[in-house]
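Just so it is clear, the values below take in all heavy atoms, side chains as well, and ignore hydrogens, waters and symmetry mates. This structure is a prediction, so every number in the text was calculated from the model and none was measured.
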Amino acid sequence: MSSADRRTAGFLAGICGAALIVQCALFGVSQISAAGTVMAAENAERENRYGENGNIRTLYEEYNARFAAVEHREDIAKNGFETVDVHIFPVQYEIGRQKEMETELVRQMKADPDADVKELKMNLEAPVLMIPAYDTTYNRLALFFADEDGWIVYKTDRFETNSCVLGQMRQPEQELVSVAFQDLNGDTLTDIILITSCEIGGDQKYRIGDVLFQDTEGLIFYRDYRISDKINRFGMNQNTDSITAFVRDGYSTEFLYTAVTLQELLRHGFQIITEQCYSRTFGKLGKLQVVPGTYHIADYDVFMVYLVNEQDYILSALQPMGDYDNLYALKGINCRDIDGDGLKDIVVLAKYSYEDEEHQLAVKSDYSIYYQRTGGFSADTEIKKRYPCSEEDTMQVVVERARAYWGWKTEDD
């Protein structure tokens, strides 16, 4: 590939976003030699980065042509996009009128529980209709805004969820799980919050949050990538309430991940769970205080466990809560050798609340194991696959199973 071709590829990939630029610059498309042979490693790299159907430039040009061709509501399906009907919603410019419309919809649903919700929404008067849709080829989310005659007046596909896997067009299977309308920057205009759920292997899913601000000059929306980055990097992507608390009200969980000392945590509102806070000696790491606690944001308690030395400095920050919404109850923390290397490990057992697939509040018991290593602690990724947690499991049961996994015959051997 010539230098000119590389520059062209880098430019076109840049349209997809800065992440794609980096990937294309580092992994240029390999050309087959005159002999028609390509190294196996280059073939593997090509498939990982560009997919089986060609290089990323060609794929993006094909996708973008279909996206650009959507000029009317009828064009959405014709160009390979599947609408998410449950989240189609009329949109008012001003947030006050948007809330009035949502209140009216709820009133009509209560008055006629058997009514078709989609039909009720279509009967509400609004300047435009917001139509979310997924590209069926690459699993990429797009939003189309159609006027009363069905013409698309605005559309965008610039979302964090479309870069879930960097450097490739095809994204994991996704689901749009939540849409909310708020005034997030105090200009009285309707802004949009989106949360998607992406499959990342097995039964694991990861939520990605995004915010679209309405421009003051018309029905145009823009996205601040810095806000999206913090929403997702610091775990505020689980629900729209947490996103609103961060973007509109200024509350943030960032300090939970960046604090250097315990006092810094406390100054920002971290609440220690004192009944489970104690000191233990962890080999070469010395005497450390095990400090579990929560930070309250938007009616949710974010749960963290810190290992703090005698000088008040944080050596490790553990996140046993994972992708749950809220700590329901801490059942216990146990510090003992689990894997037989002579070093104390940490087991955390707790109950967490979350929104289930039917969008109902659910509560589940779960545990996390952290193995002590030379420089800190490493989270277990294997034992829970074999021994999932049940509601009846106690700390003793969890510890016995974990030690048995590593070959311990009894609890005391």
*Asks:* Are Lys99 and Asp183 ion-paired here, with the side-chain N under 4.0 Å from a carboxylate O?
*Replies:*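 Looking at Lys99 and Asp183, the cut-off is not met.
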*Asks:* When you measure from the side chain of Thr156 to the backbone N and O of Leu143, does any donor-acceptor pair fall under 3.5 Å?
*Replies:*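 Checking the backbone N and O of Leu143 against the side chain of Thr156, no donor-acceptor pair under 3.5 Å is found.
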*Asks:* Determine whether a donor-acceptor pair (N or O, by modelled atom type, separation under 3.5 Å) exists between the side chain of Thr261 and the backbone of Glu264.
*Replies:*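 Yes; at least one donor-acceptor contact below 3.5 Å.
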*Asks:* Is Arg403 reaching over with its side chain to a backbone N or O of Gly340, donor-acceptor style, under 3.5 angstrom?
*Replies:*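 Judged by distance alone, no pair lies under 3.5 Å.
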*Asks:* Kindly indicate whether the side chain of Leu327, heavy atoms from C-beta on, has any atom under 4.5 Å from the side chain of Ile273.
*Replies:*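 In contact.
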*Asks:* Using only heavy-atom distances, determine whether the side chains of Thr190 and Gln214 contain a donor-acceptor pair under 3.5 Å.
*Replies:*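 Result is no, nothing qualifies.
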*Asks:* Closer than 4.0 angstrom, basic N to acidic O: yes or no for Asp85 and Lys118?
*Replies:*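 Yes, this pair counts.
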*Asks:* Taking the six-membered ring where the residue is Trp, are the ring centres of Tyr328 and Phe303 under 6.0 Å apart?
*Replies:*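 No, the ring of Tyr328 stays outside the 6.0 Å limit from the ring of Phe303, centre to centre.
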*Asks:* Are the side chains of Val86 and Val117 in contact, using a 4.5 Å heavy-atom criterion?
*Replies:*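 Sidechains of Val86 and Val117: no contact.
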*Asks:* Got Ile192 and Met130 here, is their nearest side-chain heavy-atom distance under 4.5 Å?
*Replies:*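 SC-SC contact between Ile192 and Met130 confirmed.
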*Asks:* Rounded to the nearest 0.5 Å, what separates atom CD in Glu74 from atom CD1 in Ile76?
*Replies:*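 Taking CD in Glu74 and CD1 in Ile76, the distance rounds to 10.0 Å.
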*Asks:* At what distance, to the nearest 0.5 angstrom, does CZ of Phe144 lie from CD1 of Ile88?
*Replies:*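 Here the rounded value is 11.5 Å.
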*Asks:* Under the side-chain hydrogen bond (donor to acceptor under 3.5 Å, both in side chains) criterion, do Tyr63 and Asp157 qualify, and how do the steps go?
*Replies:* CA-CA 11 Å; Tyr63 161 79; Asp157 63 346; 2.7 Å; yes
*Asks:* Could you measure the distance from the OG1 atom of Thr83 to the CD1 atom of Ile131? Nearest 0.5 Å is fine.
*Replies:*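 The CD1 atom of Ile131 is 7.5 Å from OG1 of Thr83, to the nearest 0.5 Å.
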*Asks:* Check the orientation of Phe270 and Tyr306. Use parallel for under 30°, tilted for 30 to 60°, and perpendicular for over 60°.
*Replies:*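 Ring orientation, 0 to 90° scale: perpendicular.
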*Asks:* Donor-acceptor pair, distance only, cut-off 3.5 Å: does the side chain of Asn326 make one with the backbone of Asp301?
*Replies:*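 Between the backbone of Asp301 and the side chain of Asn326 there is a qualifying donor-acceptor contact (under 3.5 Å).
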*Asks:* For the residue pair Gln171 and Thr161, what are the closest heavy atoms and their distance?
*Replies:*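 Minimum heavy-atom contact is OE1-O, 3.9 Å.
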*Asks:* Does CZ in Arg97 sit with more than 12 non-hydrogen atoms of other residues, nucleotides or ligands closer than 6.0 Å?
*Replies:*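 Result for CZ/Arg97: open.
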*Asks:* Flag the pair Arg248 and Asp191 as a salt bridge only when some basic side-chain nitrogen lies within less than 4.0 angstrom of an acidic carboxylate oxygen.
*Replies:*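 Judged by the 4.0 Å cut-off on N to carboxylate O distance, Arg248 and Asp191 do not form a salt bridge.
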*Asks:* Looking at Asn123 and Glu119, would you say the former's side chain and the latter's main chain have a donor-acceptor pair under 3.5 Å?
*Replies:*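 Side chain of Asn123 to backbone of Glu119, a donor-acceptor pair under 3.5 Å: yes, one is there.
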*Asks:* Surrounding OH of Tyr313 (heavy atoms of other residues, nucleotides or ligands, distance under 6.0 Å), is the total greater than 12?
*Replies:*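 Counting neighbours around OH of Tyr313, 12 or fewer heavy atoms of other residues, nucleotides or ligands fall under 6.0 Å, so no.
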*Asks:* What do the steps show when you test Asp241 against Thr244 for side-chain hydrogen bond (donor to acceptor under 3.5 Å, both in side chains), and what is the final call?
*Replies:* CA-CA 5 Å; Asp241 291 336; Thr244 300; 5.5 Å; no
*Asks:* Whether Arg158 and Asp210 form a salt bridge (side-chain N of Lys/Arg under 4.0 Å from carboxylate O of Asp/Glu) is what I want to check.
*Replies:*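 A salt bridge is absent here (no side-chain N lies under 4.0 Å from a carboxylate O).
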*Asks:* Cation-pi check for Tyr278 against Arg280: NZ or CZ below 6.0 Å from the six-membered ring centre and within 45 degrees of the axis, yes or no?
*Replies:*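 Yes.
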*Asks:* Heavy-atom distance under 4.5 Å between the side chains of Tyr295 and Met304, does that happen here?
*Replies:*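 No - every pair of side-chain heavy atoms lies 4.5 Å or more apart.
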*Asks:* Give a yes or no on whether a salt bridge exists between Lys364 and Asp366, defined as a side-chain N under 4.0 angstrom from a carboxylate O.
*Replies:*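 Result for this pair is no, no salt bridge flagged.
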*Asks:* Are Asp323 and Lys205 close enough for a salt bridge, meaning some N to O gap below 4.0 Å?
*Replies:*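 A salt bridge is absent here (no side-chain N lies under 4.0 Å from a carboxylate O).
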*Asks:* Can you check side-chain contact (heavy atoms from CB on, under 4.5 Å) on Gln271 and His296, steps first, answer last?
*Replies:* CA-CA 8 Å; Gln271 300 292 317; His296 192 74; over 6 Å; no
*Asks:* Taking side chain as C-beta onward, heavy atoms only, is Phe67 less than 4.5 Å from Asn79?
*Replies:*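 With C-beta onward as the side chain, the pair stays apart.
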*Asks:* Would the number of heavy atoms belonging to other residues, nucleotides or ligands and lying under 6.0 Å from NZ of Lys121 be above 12?
*Replies:*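 Check passes, neighbour count above 12.
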*Asks:* For Gln168 and Arg170, indicate whether the former's side chain and the latter's backbone hold a donor-acceptor pair under 3.5 Å.
*Replies:*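 Side chain of Gln168 to backbone of Arg170: a pair is present.
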*Asks:* Is there a donor-acceptor pair under 3.5 Å between the side chain of Asn232 and the backbone N or O of Gly209?
*Replies:*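 Here the side-chain-to-backbone pair exists.
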*Asks:* Kindly give the heavy-atom pair with the smallest separation between Phe159 and Leu194, and that separation in Å.
*Replies:*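 Result for this residue pair: CE2-CD1, 3.5 Å.
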*Asks:* Test side-chain contact (heavy atoms from CB on, under 4.5 Å) on Asp380 and Asp345 and set out the steps.
*Replies:* CA-CA 10 Å; Asp380 167 77; Asp345 306 310; over 6 Å; no
*Asks:* With a 6.0 Å cut-off on the ring centroids, do Phe221 and Phe145 count as close?
*Replies:*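 Between Phe221 and Phe145, the centre distance is under 6.0 Å.
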*Asks:* Of all heavy-atom pairs between Ile56 and Gly167, which one has the smallest distance, and what is that distance?
*Replies:*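 What the structure gives for the nearest pair is CD1-O, 3.6 Å.
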*Asks:* Report, as yes or no, whether the 6.0 Å neighbourhood of atom OH on Tyr225 holds more than 12 heavy atoms from other residues, nucleotides or ligands.
*Replies:*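 No, the 6.0 Å shell around OH holds no more than 12 heavy atoms from other groups.
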*Asks:* Evaluate the side-chain proximity of Asp312 to Gln263: yes if any heavy-atom separation is below 4.5 Å, no if none is.
*Replies:*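 Sidechains of Asp312 and Gln263: in contact.
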*Asks:* Between His87 and Pro132 (side chain of the first, backbone of the second, donor and acceptor by atom type, cut-off under 3.5 Å), is there such a pair?
*Replies:*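 No.
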*Asks:* Can you name the nearest heavy-atom pair linking Lys287 to Ser279, along with the distance?
*Replies:*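 Closest heavy-atom pair between Lys287 and Ser279: CE-CB, 3.7 Å.
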*Asks:* Using the ring centroid of each side chain, check whether Tyr222 and Phe213 are separated by less than 6.0 Å.
*Replies:*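 Centroid separation for Tyr222 and Phe213: below 6.0 Å.
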*Asks:* Using a 6.0 Å cut-off, check whether atom OH of Tyr405 has over 12 heavy atoms from anything other than its own residue.
*Replies:*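 It does: Tyr405 OH has more than 12 such atoms within range.
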*Asks:* Is any side-chain heavy atom of Gln92 closer than 4.5 Å to a side-chain heavy atom of Glu100?
*Replies:*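 SC-SC contact between Gln92 and Glu100 ruled out.
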*Asks:* Would Phe246 and Phe234 satisfy ring-ring contact (aromatic ring centres under 6.0 Å, His included), going step by step from the backbone distance to the final call?
*Replies:* CA-CA 11 Å; Phe246 168 59; Phe234 300 118; 8.6 Å; no
*Asks:* With a sphere of 6.0 Å drawn around CD of Glu82, does it hold more than 12 non-hydrogen atoms of other residues, nucleotides or ligands?
*Replies:*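 Counting neighbours around CD of Glu82, 12 or fewer heavy atoms of other residues, nucleotides or ligands fall under 6.0 Å, so no.
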*Asks:* Test Tyr138 against Glu62 for side-chain hydrogen bond (donor to acceptor under 3.5 Å, both in side chains), laying out the working first.
*Replies:* CA-CA 11 Å; Tyr138 302 117; Glu62 179 273 330; 3.2 Å; yes
*Asks:* If I compare all heavy atoms of Arg207 with all of Gln238, which pair ends up nearest, and what's the gap?
*Replies:*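 The pair with the smallest heavy-atom distance is NH1-O, 2.7 Å.
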*Asks:* Answer whether the closest heavy-atom distance between the side chains of Leu318 and Ser368 falls below 4.5 Å.
*Replies:*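 When only atoms from C-beta onward are counted, Ser368 and Leu318 do not touch, as no gap falls below 4.5 Å.
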*Asks:* Run the ring-centre check on Tyr324 versus Tyr352 and record whether the distance is less than 6.0 Å.
*Replies:*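 Between Tyr352 and Tyr324, which both carry aromatic rings, the centre distance is below 6.0 Å.
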*Asks:* Quick one, Met236 with Val247, criterion side-chain contact (heavy atoms from CB on, under 4.5 Å). Give me CA distance, side-chain angles, the key distance, then yes/no.
*Replies:* CA-CA 10 Å; Met236 294 178 283; Val247 181; over 6 Å; no
*Asks:* Between Asp249 and Tyr251 (side chain of the first, backbone of the second, donor and acceptor by atom type, cut-off under 3.5 Å), is there such a pair?
*Replies:*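 Not confirmed, Asp249 side chain does not pair with Tyr251 backbone.
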*Asks:* side-chain contact (heavy atoms from CB on, under 4.5 Å), that's the test. Do Asn237 and Ile208 meet it? Break it down for me.
*Replies:* CA-CA 6 Å; Asn237 51 17; Ile208 298 178; 5.5 Å; no
*Asks:* Check whether Glu391 reaches the backbone of Ser365 with its side chain - one donor and one acceptor, N or O, closer than 3.5 Å.
*Replies:*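 Such a contact is found between Glu391 side chain and Ser365 backbone.
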*Asks:* Compare every heavy atom of Asp341 with every heavy atom of Arg373, then report the nearest pair and how far apart it is.
*Replies:*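 Scanning both residues, the minimum pair turns out to be NH1-OD2, 3.6 Å.
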